[in-house]
Undergrad: 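I have a structure I would like to understand better, so I am pasting it below and will then ask my questions one at a time.
Chain identifiers are assigned alphabetically (A, B, ...) following the order of the sequence lines, protein sequences preceding nucleic acid strands; residue numbering begins at 1 within each chain.
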There are 2 protein chains.
Amino acid sequence: MKQISSRFSIAVHILSLIAISSKDCTGDFIADSVNTNPVIIRRIIGMLKKAGLVEVRSGVGGASLLKDPDQISLLDVYRAVEVIEDGKLFNFHDEPNPACPVGRNIEAALRSEMMEAQSAMEQRLSQVTLDQLTVQFQ
Amino acid sequence: MKQISSRFSIAVHILSLIAISSKDCTGDFIADSVNTNPVIIRRIIGMLKKAGLVEVRSGVGGASLLKDPDQISLLDVYRAVEVIEDGKLFNFHDEPNPACPVGRNIEAALRSEMMEAQSAMEQRLSQVTLDQLTVQFQ
DNA sequence: ACCGTTGTAACCATTTTAGTTACTTCGGGA
DNA sequence: TCCCGAAGTAACTAAAATGGTTACAACGGT
């Protein structure tokens with residue numbers, strides 16, 4: 001990968017805006033704050049809906065949170081926007097040669113370390129909630 | 001991103017093979033163990049050379065380590081293969097609207113949390129050395 | 001001089017990403 | 001009831017990353 005998709009940062013932006021804003025959060029209003037196309041916003045809100053984080057008033061429009069901001073962690077958002085394939089941050093090359101001692105054993109050993117590293121990151125994300133961010137937006 | 005490139009797992013494979021193998025580690029020999037094209041191996045070895053981890057006997061061929069396996073961490077390898085852009089694991093969407101309190105403040109707040117999460121992962125990678133892996137390849 | 005090996009360049013197919021246009025559907029207000 | 005703003009989605013695009021491949025020049029022992 002190059003980088004983890006900006007879907008994640010946009011999703012956090014969207015949720016922060018909904019949490020803070022008193023006015024109706026329509027796709028166009030959010031798109032103006034994020035500075036992107038409204039369709040991008042709708043797509044990401046669709047993912048947040050699927051994850052049970054927000055709801056959208058159909059017809060009239062406007063999104064609202066389904067959880068308190070102190071009950072939404074950055075990990076929840078990260079997982080909602082499906083930023084990585086199959087839940088695995090690290091890719092592993094296909095089918096090393098089983099006839100070689102390294103080829104035969106490296107996958108188990110390295111995958112285990114990859115999971116530890118990934119967990120360390122996700123655990124850190126899980127410790128930060130939306131309200132811990134929004135208090136900084138005076 | 002989809003996933004962190006398999007360049008990382010291949011690089012670890014390559015270094016493990018060099019560390020363990022008694023015979024000459026040519027690109028073709030390594031490619032056979034990794035099960036990929038020799039050019040892929042040469043490209044990654046080039047990155048490991050640039051990072052000062054290996055050297056290659058020119059003309060005759062064969063790679064060898066420039067450091068003891070207990071002095072090479074997974075983080076060293078991870079950084080050597082330039083798996084992420086600009087050293088930043090997370091991407092951040094461009095230019096949120098400064099006229100909005102969220103748009104104006106979210107970048108600093110979120111980037112700080114992104115760095116913490118990235119550091120947690122990298123710190124875990126830095127704790128594992130090549131020899132801790134290779135002892136598992138009997 | 002030959003031959004295996006390395007270092008690259010060039011090219012390719014596939015996938016992801018971010019953005020865009022366009023169209024249908026929904027539901028409230030005039 | 002008829003609009004109108006909004007959401008949901010399909011289809012398309014351009015750009016970039018990825019993994020792979022062929023080809024070729026340069027190097028250095030035998």
Undergrad: Would you say D131(B) and T129(B) are linked by a side-chain donor-acceptor pair, where the criterion is simply a distance under 3.5 Å?
TA: yes

Undergrad: Please list all pairs passing the side-chain hydrogen bond (donor to acceptor under 3.5 Å, both in side chains) test where one or both residues lie in residues 41-57 of chain B, with sequence neighbours left out.
TA: D24(B)-R57(B)

Undergrad: Are M47(A) and I4(A) in one and the same hydrophobic cluster, where Ile, Leu, Val, Met, Phe, Trp and Tyr link if side-chain heavy atoms are under 4.5 Å apart?
TA: yes

Undergrad: Under a single-linkage definition using a 4.5 Å side-chain heavy-atom cutoff for Ile, Leu, Val, Met, Phe, Trp and Tyr, are L48(A) and V39(A) assigned to the same hydrophobic cluster?
TA: no

Undergrad: Please check the phosphate of dT6(C) (OP1 and OP2 only) for any side-chain N or O of R57(B) closer than 4.0 Å.
TA: no

Undergrad: To the nearest angstrom, how far is L48(A) atom CG from dG8(D) atom P?
TA: 11 Å

Undergrad: Answer whether the closest heavy-atom distance between the side chains of L66(B) and L53(B) falls below 4.5 Å.
TA: no

Undergrad: Ignoring backbone atoms, establish whether N91(A) has a side-chain N or O less than 4.0 Å from OP1 or OP2 of dT18(D).
TA: no

Undergrad: Send over the distance from N37(B) CG to dT22(D) C1', rounded to a whole Å.
TA: 9 Å

Undergrad: Determine whether E113(A) and R124(B) make a side-chain contact, defined as any pair of heavy atoms from C-beta on separated by less than 4.5 Å.
TA: yes

Undergrad: What protein N or O atoms touch nucleotides 26-30 of chain C N or O atoms at under 3.5 angstrom, if any, and at what distances?
TA:
from    : atom 1 : to     : atom 2 : distance (Å)
dC26(C) : O3'    : S58(A) : OG     : 3.3

Undergrad: Mind calculating the distance between CD1 (I44(A)) and P (dG8(D)) to the nearest angstrom?
TA: 13 Å

Undergrad: To the nearest 0.5 Å, what is the distance between SG on C100(B) and CZ on F29(A)?
TA: 6.0 Å

Undergrad: Can you list, in residue-number order, the parts of residues 94-105 of chain B that come under 4.0 Å of DNA chain D, counting heavy atoms only?
TA: none

Undergrad: Can you confirm whether the side chains of S73(B) and D76(B) place a donor and an acceptor under 3.5 Å from each other?
TA: yes

Undergrad: Is the F8(B) ring parallel, tilted or perpendicular to the F90(A) ring (thresholds 30°, 60°)?
TA: tilted

Undergrad: Starting from P on dG8(D), measure out to CD1 on I41(A) and report it in whole angstrom.
TA: 13 Å

Undergrad: What's the CD1-P distance between I40(B) and dT22(D), to the nearest Å?
TA: 12 Å

Undergrad: Could you tell me whether the side chain of Q123(B) reaches within less than 4.5 Å of the side chain of Q127(B), counting heavy atoms only?
TA: yes

Undergrad: Measure CD1/I10(B) against C1'/dG19(D) and give the value in whole Å, please.
TA: 8 Å

Undergrad: Can you tell me how far P of dA7(D) sits from CD of E55(A), to the nearest Å?
TA: 13 Å

Undergrad: Using distance only, find each side-chain donor-acceptor pair of residues 11-21 of chain A under 3.5 Å and give its atom names and separation, not counting sequence neighbours.
TA:
from   : atom 1 : to     : atom 2 : distance (Å)
H13(A) : ND1    : H93(B) : NE2    : 3.0
H13(A) : NE2    : S33(A) : OG     : 2.8
S16(A) : OG     : V12(A) : O      : 2.8
S21(A) : OG     : K23(A) : N      : 3.4

Undergrad: A side-chain contact here means heavy atoms from C-beta on lying under 4.5 Å apart; do V81(A) and I44(A) qualify?
TA: yes

Undergrad: Only one of I41(B), I10(B), T36(B) clears side-chain contact (heavy atoms from CB on, under 4.5 Å) with I30(B); which?
TA: I41(B)

Undergrad: List in numerical order all residues of residues 12-36 of chain A for which some heavy atom is under 4.0 Å away from an atom belonging to DNA chain D.
TA: T26(A), G27(A)

Undergrad: Look at atom CD of E95(A) and say whether more than 12 heavy atoms of other residues, nucleotides or ligands are closer to it than 6.0 Å.
TA: no

Undergrad: Name the pairs: protein N/O against N/O of nucleotides 7-14 of chain C, kept only if under 3.5 Å.
TA:
from    : atom 1 : to     : atom 2 : distance (Å)
dG7(C)  : OP1    : K49(B) : NZ     : 2.3
dG7(C)  : N7     : R42(B) : NH1    : 3.1
dG7(C)  : O6     : R42(B) : NH1    : 2.6
dT8(C)  : O4     : R42(B) : NH1    : 3.1
dA10(C) : N6     : R43(B) : NH1    : 3.3

Undergrad: Round to the nearest Å and state the distance from D86(B) atom CG to dA17(D) atom P.
TA: 12 Å

Undergrad: Ignoring backbone atoms, test whether S6(B) places a side-chain nitrogen or oxygen under 4.0 Å from the OP1 or OP2 oxygen of dT18(D).
TA: no

